[in-house]
Q: 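My questions all concern the structure below.
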Amino acid sequence: MSRLKKAAVTGWPVDHSRSPVIHGYWLKKYGIEGSYVARAVPPETAFSFYRDFAGSGLVGCNVTVPHKEVAARACDILDEAAQAMGAANTLWLDDDGRLHGSNTDGLGFLGNLDQQAPGWDRKAGSAVVLGAGGAARAIVWALLERKFTTVHIVNRTLQKARDIQETFGSQTIAHSWDNLGKILDNASVLVNTTALGMTGKDPLRVDLSPLPVSALVTDIVYVPVETELLKQARQRGNPVVDGLGMLLHQAVPGFEKWFGRQPEVDETVRDLVLKDMGVAP
Ligand code: ATR
């Protein structure tokens with residue numbers, strides 16, 4: 001058998017993924033004999049693909065939409081984050097052929113803020129999360145990991161925010177958008193996890209005036225890199241962190257599992273992804 005370790009990003013479609021750029025750079029930087037490619041997995045074969053993962057010839061993979069839930073169901077072992085989210089984005093085979101699943105979105109969120117805004121969680125008080133999709137779930141998990149006392153989840157569809165509250169318990173509170181003004185005045189972190197503000201989508205309209213200027217504002221949208229929300233927050237003096245770093249940091253645990261080395265999220269990888277997105281660094 002070839003000694004070349006192969007990993008991939010899997011999903012449907014998968015061509016838009018930036019992951020091959022990120023892992024390709026790290027493989028080259030560390031001189032590791034390995035490959036990382038995009039592999040499209042049609043929905044009708046997704047469960048069997050992950051369930052029979054050993055037959056794929058890969059040592060592990062990333063999973064992107066729409067397969068994160070089906071991949072989690074196909075795994076033999078899930079870590080705590082993947083269990084809490086019911087979704088896995090990073091898989092690997094162990095020496096006994098068992099398939100492990102992790103969800104590294106929350107770790108990516110934390111890694112990004114730790115790098116860009118060290119000490120951001122020192123006064124872990126109240127946080128406000130906009131949106132209640134898969135990314136919101138990962139970020140709520142991450143904020144509770146860092147001992148935030150209250151995490152407010154604000155969503156258009158209130159029931160989805162309530163579902164997250166049900167998973168994580170009494171430290172999380174579900175709200176509709178009408179409540180936002182009331183909860184911002186006490187927040188130390190504000191995170192947008194909705195697709196609003198992304199190029200081609202509707203704008204995100206938030207009145208930031210009640211938010212303390214000491215509060216950290218971050219966005220998971222990274223196209224554009226500086227969203228309107230971040231621009232508004234920066235102009236009024238809030239510390240801001242863009243969402244591109246979350247994409248880069250969520251890739252770290254997978255690379256380490258598959259190729260045996262913890263990669264560094266450096267300026268070069270950030271610039272390469274920006275270039276791939278057609279944005280001049
Ligand atoms: P992901 O799993 O990547 O987080 P998602 O499940 O599609 O993506 O979630 C998108 C989030 O953006 C949801 O919270 C969604 O709100 P609903 O649950 O009410 O659908 C939010 N969102 C998308 N478009 C929106 C809009 N026009 N106004 C308000 N919220 C919106």
Side-chain angles (χ1 to χ4, degrees), residues 9-19 43 46 62-73 78 81-90 101-110 112-113 127-144 151-168 172-181 183-184 189-208 217-224 227-230 232 242-251 277:
V9 53
T10 59
W12 184 265
V14 81
D15 294 342
H16 62 283
S17 174
R18 314 282 174 204
S19 294
N62 284 124
V63 184
T64 185
V65 282
H67 295 336
K68 292 183 190 185
E69 288 81 10
V70 76
R73 285 200 299 279
L78 293 178
Q83 275 178 39
M85 283 159 236
N89 72 345
T90 302
S102 174
N103 193 310
T104 67
D105 286 337
L107 294 175
F109 173 78
L110 296 175
N112 185 31
L113 296 190
V128 175
V129 174
L130 306 177
R137 211 166 254 275
I139 287 169
V140 170
W141 175 87
L143 291 164
L144 293 174
V151 180
H152 299 282
I153 306 151
V154 178
N155 200 45
R156 177 178 60 179
T157 312
L158 184 59
Q159 188 54 45
K160 280 174 69 184
R162 288 199 172 129
D163 292 345
I164 299 185
Q165 185 179 334
E166 205 149 288
T167 307
F168 294 101
T172 54
I173 307 175
H175 301 270
S176 57
W177 279 92
D178 324 337
N179 269 7
L180 183 59
I183 51 179
L184 279 183
V189 172
L190 170 66
V191 191
N192 175 44
T193 76
T194 74
L196 298 176
M198 192 187 294
T199 303
K201 302 268 182 181
D202 289 338
L204 172 64
R205 293 188 208 285
V206 179
D207 174 12
L208 290 179
V217 180
T218 182
D219 202 326
I220 70 159
V221 172
Y222 58 86
V223 183
T227 59
E228 267 309 308
L229 173 72
L230 296 181
Q232 248 188 69
D242 68 56
L244 183 57
M246 178 171 162
L247 172 78
L248 302 172
H249 281 275
Q250 63 78 32
M277 284 161 44

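First listed ligand is number 1; within each ligand, the first listed atom is number 1.
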Q: Is there a donor-acceptor pair under 3.5 Å between the side chain of Gln232 and the backbone N or O of Leu229?
A: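 A pair under 3.5 Å: no.
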
Q: Which of the atoms of ligand 1 are close to Ala132, meaning less than 4.0 Å from one of its heavy atoms?
A: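 Near Ala132, the atoms of ligand 1 are 14 (O).
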
Q: Protein non-hydrogen atoms only, distance under 4.0 Å: does atom 8 (O) of ligand 1 have such a neighbour?
A: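 No, no protein heavy atom sits under 4.0 Å from atom 8 (O) of ligand 1.
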
Q: Does the Asn62 side chain pair with the main chain of Asn89, one donor and one acceptor, at a distance under 3.5 Å?
A: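 Yes.
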
Q: Just one of Asn155, Thr157, Asp163 clears the side-chain hydrogen bond (donor to acceptor under 3.5 Å, both in side chains) bar with Gln159, so which one?
A: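 One option only clears the test, and that one is Asp163.
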
Q: So for ligand 1, is Gly131 a polar contact partner (N or O within less than 3.5 Å, distance only)?
A: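 The answer is no, given that Gly131 and ligand 1 share no N or O pair closer than 3.5 Å.
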
Q: For Leu196 and ligand 1, does the shortest N/O to N/O distance drop below 3.5 Å?
A: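 No; the residue has no nitrogen or oxygen that sits under 3.5 Å from a nitrogen or oxygen of the ligand.
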
Q: Among Lys201, Arg156, Arg137, Lys68, which one puts a heavy atom closest to atom 27 (N) of ligand 1?
A: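 Among Lys201, Arg156, Arg137, Lys68, the closest heavy atom to atom 27 (N) of ligand 1 belongs to Arg156.
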
Q: Within the distance-only criterion (no hydrogens, no angle test), does the side chain of Asn103 pair as donor or acceptor with the backbone N or O of Ala81 below 3.5 angstrom?
A: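 Such a contact is absent between Asn103 side chain and Ala81 backbone.
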
Q: Is the closest protein non-hydrogen atom to atom 17 (P) of ligand 1 under 4.0 Å?
A: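 Within 4.0 Å: yes, protein heavy atom nearby.
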
Q: In the protein, which heavy atom is nearest to atom 11 (C) of ligand 1, and how far is it?
A: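 For atom 11 (C) of ligand 1, the nearest protein heavy atom comes out as Thr194 CA, 4.0 Å.
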
Q: Looking only at protein heavy atoms, which one is nearest to atom 19 (O) of ligand 1, and how far off is it?
A: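 Its nearest protein heavy-atom neighbour is Thr157 OG1, 2.5 Å.
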
Q: Could you tell me which non-hydrogen atom of Ala84 sits nearest to which non-hydrogen atom of Trp141, and how far apart they are?
A: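 Between these two residues, the closest heavy atoms are CB-CD1, 4.0 Å.
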
Q: Say whether Ala136, considering both its backbone and side-chain N or O atoms, lies within less than 3.5 Å of an N or O atom on ligand 1.
A: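 No, there is no polar N/O contact under 3.5 Å.
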
Q: Starting from atom 1 (P) of ligand 1, find the nearest protein heavy-atom neighbour and note its residue, name and distance.
A: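 Answer, as residue, atom name and distance: Gly134 N, 3.6 Å.
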
Q: What's the shortest distance from atom 4 (O) of ligand 1 to any protein heavy atom, and which residue and atom give it?
A: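 The closest one turns out to be Ala135 N, 3.2 Å.
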
Q: Tell me, please, which residues at least two apart from Lys160 pass salt bridge (Lys or Arg N to Asp or Glu O under 4.0 Å).
A: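 Salt bridge (Lys or Arg N to Asp or Glu O under 4.0 Å) check on Lys160 returns nothing, list empty.
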
Q: Closest approach of Val221 and Met198, non-hydrogen atoms and distance?
A: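 Shortest heavy-atom separation between Val221 and Met198 comes out as CG1-CA, 3.6 Å.
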
Q: Going by the side-chain contact (heavy atoms from CB on, under 4.5 Å) test, name the single residue among Leu204, Asp219, Ile220, Val191 that passes it with Leu130.
A: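 Between Leu130 and the candidates, side-chain contact (heavy atoms from CB on, under 4.5 Å) is satisfied uniquely by Leu204.
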
Q: Give the intermediate values and the outcome of side-chain contact (heavy atoms from CB on, under 4.5 Å) for residues Leu230 and Val217.
A: CA-CA 7 Å; Leu230 296 181; Val217 180; 4.2 Å; yes

Q: Please list, in number order, the atoms of ligand 1 under 4.0 Å from a heavy atom of Ala195.
A: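 Here the atoms of ligand 1 in question are 12 (O).
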
Q: So is Asn155 polar-close to ligand 1, meaning N/O to N/O under 3.5 Å?
A: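 Indeed, backbone or side chain, Asn155 has an N or O that close.
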
Q: To which protein heavy atom is atom 6 (O) of ligand 1 closest, and what is the distance rounded to 0.1 Å?
A: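 The closest heavy atom on the protein side is Gly133 CA, 3.4 Å.
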
